[in-house]
Amino acid sequence: MEFRLLGSVALVTEDGDVALGPAKRSTLLAMLLLRPNSAVNVQQLIDALWEEEPPTHAKTVLQGHVSRLRALLAEHGSEAYGVELATQGSAYVLRMPESLVDAHRFEELVSLAGVQRQPADAVRMLREALSYWQGPALTGTVHSRPLEAAAGGLEELRLTSVEALAEAYGALGEHARAAAVLRTEAVAHPLRESLAAALMLALGRSGRQSDAIDWYHRTRRLLAEELGVDPGETLSEAYATLLRSAGPVTAPRPAAPAADPAAVPVPEGLPRAPRGFTGRGSEIAALDRAARGGDGPVCLVTGPAGVGKTAFAVHWAYERRADFPDGRLFADLRGFSDTSPPETAAVLREFLLALGVQPQRVPETVEARGALFRSLTAGRRLLVLLDNARSSEQVRPLLPGGDHCATLVTSRDRLSGLIASDAARPVPLGHLPPADSAALLATVLGRTRVAAEPAAAARIAGLCDGLPLALRVTAARLAERPQWTLDAMVGELADEQGRLTLLDVEDRGVSAALHLTVQQLPESAARLFRAIGLHTGSDLDRFAAGALAGTSPTQASVDLDRLAAAHLLTEAVPGRWTPHDLVRLYARHLAEGADPEGLRRLVDHYLFTGLAADAAAEPGSQPCYSLPADVRRPAATREFEDRTAALDWYVAERAALEGAVTAAASLGLHDRAWRLSLVQWPLMLMRIGDGWTPLLEAGLASAEHVGDLDAQSRVRALLGWILHEEGRDAEALVHLEKAPGLAARAGDTISEAIAYVNHAAVLDAVGEHERAGLLMLHAVSLADRTGHPSTQVLTLHHLAGHCLEAGDYEAALAHTLRAGELVAPDAVVVQAQLQIVKGEALAGIGRHAEAADQLERAIVASEAAGFAEGSARAAARLSRLSADR
């Protein structure tokens, strides 16, 4: 048995890692392992287990985790290893040999290495110490301050050990190995001056003075841009040492056979520097790193239309002119333009002329021109800026041949092929943050005008999606109207119908830029983009995309990736794609009249997927609807592995499902609308206070529109329960009084039983106990008549709760035991609810030990299922039980 802290927190046995359970349990173990054989008080543990203010029952939940961890240790033979989790007053202590903890062994080896006389011994010990690290320390724990502080301390010791290892390598004369050890950490921690200084010296001593000096200037710029400071004493001394030991470094410059021998020209082909460039500090630093990342680096600046890629690239090229003393070449490849892209031969000809080749000596073929271009650039420090590239194939023939040249490519496409073939380093350009957006507005409108309305400026930034093109167009409109306030422009832009029109000026604007992107797409991807304009939510998965476009999820995945590559969508969460607001508005504009069946296909997709999610979330429960007779089955329906996956889908699709209800009703598809209003019922019961009433009221209106009695019963039964939980009992009872009769008239006994039990539960809550009891008994009788287990469990659960309130604990226990025999093994939330009632019944009878065991089990089961309400109720009852004993 051993324990890991240097990576994912783990308990390891001969059979492998032991599953610890929830993150809070890993956090508890980590806190005890950080102070082995020392008492850690309850308050310290609570502070670590909760990121924010802990709940009132935190101590009880902690006790539950201690109990489960203690059982886990015992189950894996902790006693044989001298490991014991003990209670010590109001604290806990993990008694154990400290050598079982990887962090202890790491620190011990680092200390021993520090007193070794022989560098080889220090190297051996430090390498062994660092081998214990398998990732960031304390991974898998709660992100609380105590754990973050502890992880930071361990990380600091690791970095110090890396520096010590490099120093030991240096003492052995192995400077290249020292540089290799330091480089990885220096890249990961670019502002740590001690790492940069050590790397510079190691590079210099291994004969790489030029790289060492480059690293100094890179670090100096980062310190200035990120922290606003100059290099400290350690970094400055390392630089001075390099300058004293290194002679001037010049790159060889081979003779160019076709060039003018009288002089070697320095081409300056950049367009004029952009006016009013603001922000982009982190992206500039990223591009600096990419441009110095190896021999002949290819840097790839990508981003959506209008994000300012060209301005960014040209600005950087001007700022870094000193790094490329042999000149700068520029070509607009017009990959996303109304005009045809230039021929490769024509671009190469311009490059050769700029490099001094006489026109009559420019070769005829593309291949020969490319070979001459690579020959002429082989020994130069030259920047080649290829703007607006459409494909990797368009770029490759234009890459220079020298190790000291850098190529900067901009594109709306990700150009993954260029990354694979030429190790291009991506520098993605995102939308501007609010502060930089306001600064951009100020470059056109003046600081005074923008500073006078900071809130409106921030709102304009949001409505423009932080897109520089949209912001410049908006600023231009405001500049033409000095009498307008920024707030007045906010009012104009807030209207989605006219926003895109406002963001177009003459031949420039968001719509024009997006049009050029879309017209370059393959037809299937363009069709999907238009279909996304019909979507009822803000993001979507491949199944919804396939339904909208009328294709399979597999084809939709290909098209979604293509749209993401063109920066029309963002895969912010794995498997879910999101367009920015302006892109969504443009897609909606294209979707008008494009495919009238797309929305209907989407609604039917949600009907099928909703039933699959309900079956996974509440196994064995009555389906909340049957499918309409004319429903169209999608090409494929998503499958859900378990309850958690289903709940995650509800959460991800909530806005889209609510939008689908509205859209279905507006199309006259009321038979779909009421069904979709019910489909999230497992999530509704988990998050009862999340404002579900408007959705269910819309569903009820559609159910009444089609005159479906069973539909009305189902919606009213759920709506009444939600209203009751919101404290609106009078409104709830209006619906619950009607629900059972509607179900009876429809001939649906299961719905009738559910409606009666919901009605009875609310009557119980308002004090009508006798009537509530009679209705619950009737509901149980109806459920038994159906022989439907989950409905029987539901009615018995409520009847047991009624008996608890009446003080009839024996009856409550009997009903719970019977329900326990019927409940499905994978219905985890229902099992937790029954455990709570059983625990309360046992407590009422006086069987306190059994009650405590049931309530502890309920806490663990509820937390595992994400059932916060159940966890809180069980913890509160356990706390009262402990106080009474």
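Quick caveat, the model's predicted, so the values are computed rather than measured.
Between H217 and Y239, the angle of the ring planes goes over 60°, which puts this pair in the perpendicular group of the 30/60° scheme.
Nearest heavy atoms, L418 versus S392: N-OG, 2.9 Å. When all heavy atoms of T219 and A196 are compared, the pair lying nearest together is OG1-CB, 3.7 Å. Minimum interatomic distance between L385 and A317 (heavy atoms only, all atoms of both residues): CD1-CB, 4.2 Å. Closest heavy-atom contact between L333 and P342: O-CD, 3.3 Å. Residue A354 comes nearest to P267 through the heavy atom pair O-CB, 3.7 Å, listed as atom of the first residue, atom of the second, then distance. Smallest separation of non-hydrogen atoms from P579 and I532: CG-CG2, 4.3 Å.
With a 4.5 Å cut-off on side-chain heavy atoms, R221 and Y216 do not count as touching. For the pair Q394 and L386, the minimum side-chain heavy-atom distance is 4.5 Å or more. Under the 4.5 Å side-chain criterion, counting only non-hydrogen atoms from C-beta, P428 is not in contact with E283. At least one side-chain heavy atom of Y318 sits less than 4.5 Å from a side-chain heavy atom of L270. Residues D436 and L440 fail the side-chain proximity criterion, which asks for heavy atoms closer than 4.5 Å. For the pair R449/L441, no side-chain contact is recorded, criterion being any heavy-atom separation below 4.5 Å from C-beta on. A heavy-atom distance below 4.5 Å is found between the side chains of V409 and L415. Counting only heavy atoms from C-beta outward, the side chains of D288 and R320 approach each other to under 4.5 Å.
Checked against salt bridge (Lys or Arg N to Asp or Glu O under 4.0 Å), D214 has no partners two or more places apart in sequence or in another chain. For A198, the side chain to side chain contact (heavy atoms under 4.5 Å, CB included) criterion is met by L182, not counting sequence neighbours. Qualifying ring-ring contact (aromatic ring centres under 6.0 Å, His included) partners for F277, counting only residues two or more places apart in sequence or in other chains: H315. Residues that satisfy the side chain to side chain contact (heavy atoms under 4.5 Å, CB included) test with A345, not counting sequence neighbours, are V366, R369. Remark: R414 pairs with no residue by the salt bridge (Lys or Arg N to Asp or Glu O under 4.0 Å) rule, at least two apart or across chains.
In this structure, CZ in R192 is found 11.0 Å from OG1 in T234, a value given to the nearest 0.5 Å. To the nearest 0.5 Å, atoms CG (L287) and CZ (R292) are separated by 9.5 Å. Annotation: the span from R390 atom CZ to D413 atom CG amounts to 9.5 Å, rounded to 0.5 Å. Between the CG atom in L408 and the CG atom in L300 there is a gap of 9.0 Å [rounded to 0.5 Å]. If you take CG on L329 and CG on L398, they are separated by 10.5 Å, rounding to the nearest 0.5 Å. To the nearest 0.5 Å, atoms CZ (R380) and SG (C405) are separated by 8.5 Å.
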CA sep, side-chain torsions, deciding dist, call: V384, L399, side chain to side chain contact (heavy atoms under 4.5 Å, CB included): CA-CA 8 Å; V384 179; L399 296 177; over 6 Å; no

Chi angles and distances behind the side chain to side chain contact (heavy atoms under 4.5 Å, CB included) call for F351, V357: CA-CA 9 Å; F351 283 178; V357 178; over 6 Å; no

Derivation of the side-chain hydrogen bond (donor to acceptor under 3.5 Å, both in side chains) call for R412 and T302: CA-CA 6 Å; R412 299 183 191 182; T302 63; over 6 Å; no

Stepwise side chain to side chain contact (heavy atoms under 4.5 Å, CB included) check, L235 with M200: CA-CA 9 Å; L235 196 59; M200 287 160 51; 3.6 Å; yes

D332 vs F330, side chain to side chain contact (heavy atoms under 4.5 Å, CB included): CA-CA, chis, key distance, verdict: CA-CA 7 Å; D332 181 1; F330 176 88; 4.2 Å; yes

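Salt-bridge annotation for R381 and D323: absent, with no side-chain N of the basic residue lying under 4.0 Å from a carboxylate O of the acidic one. Look at R321 and E268 and you find a salt bridge, because one of the NZ, NE, NH1 or NH2 atoms lies within 4.0 Å of a carboxylate O, short of that distance. Between D422 and R396 there is a salt bridge, with a side-chain nitrogen of the basic residue lying less than 4.0 Å from a carboxylate oxygen of the acidic one. A salt bridge is defined here as a Lys NZ or Arg NE, NH1 or NH2 lying under 4.0 Å from an Asp or Glu carboxylate O, and D539 with R576 meets this definition. The pair D559-R527 fails the salt-bridge criterion, with no side-chain N (NZ, NE, NH1 or NH2) lying under 4.0 Å from an Asp/Glu carboxylate O. Between R542 and D561 there is no salt bridge, since no side-chain N of the basic residue sits under 4.0 Å from a carboxylate O of the acidic one.
Crowding of E523 atom CD: a count of heavy atoms from other residues, nucleotides or ligands under 6.0 Å exceeding 12.
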Less than 3.5 Å apart, which donor and acceptor atoms pair up between the side chains of residues 305-312 and the rest of the protein, not counting sequence neighbours?
{"from": "K309", "atom 1": "NZ", "to": "G303", "atom 2": "O", "distance (Å)": "3.2"}
{"from": "K309", "atom 1": "NZ", "to": "P304", "atom 2": "O", "distance (Å)": "2.9"}
{"from": "T310", "atom 1": "OG1", "to": "D387", "atom 2": "OD1", "distance (Å)": "2.8"}
{"from": "T310", "atom 1": "OG1", "to": "D387", "atom 2": "OD2", "distance (Å)": "2.9"}

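Distance alone, capped at 3.5 Å, is enough to place a donor-acceptor pair between the T377 side chain and the G401 backbone. Side-chain atoms of T241 come within 3.5 Å of backbone atoms of E237 as a donor-acceptor pair (strictly under, hydrogens ignored). Of the possible polar contacts, none joining the S411 side chain to the N388 backbone as a donor-acceptor pair under 3.5 Å is found. Without hydrogens or angle criteria, E185 side chain to L195 main chain gives no donor-acceptor distance under 3.5 Å.
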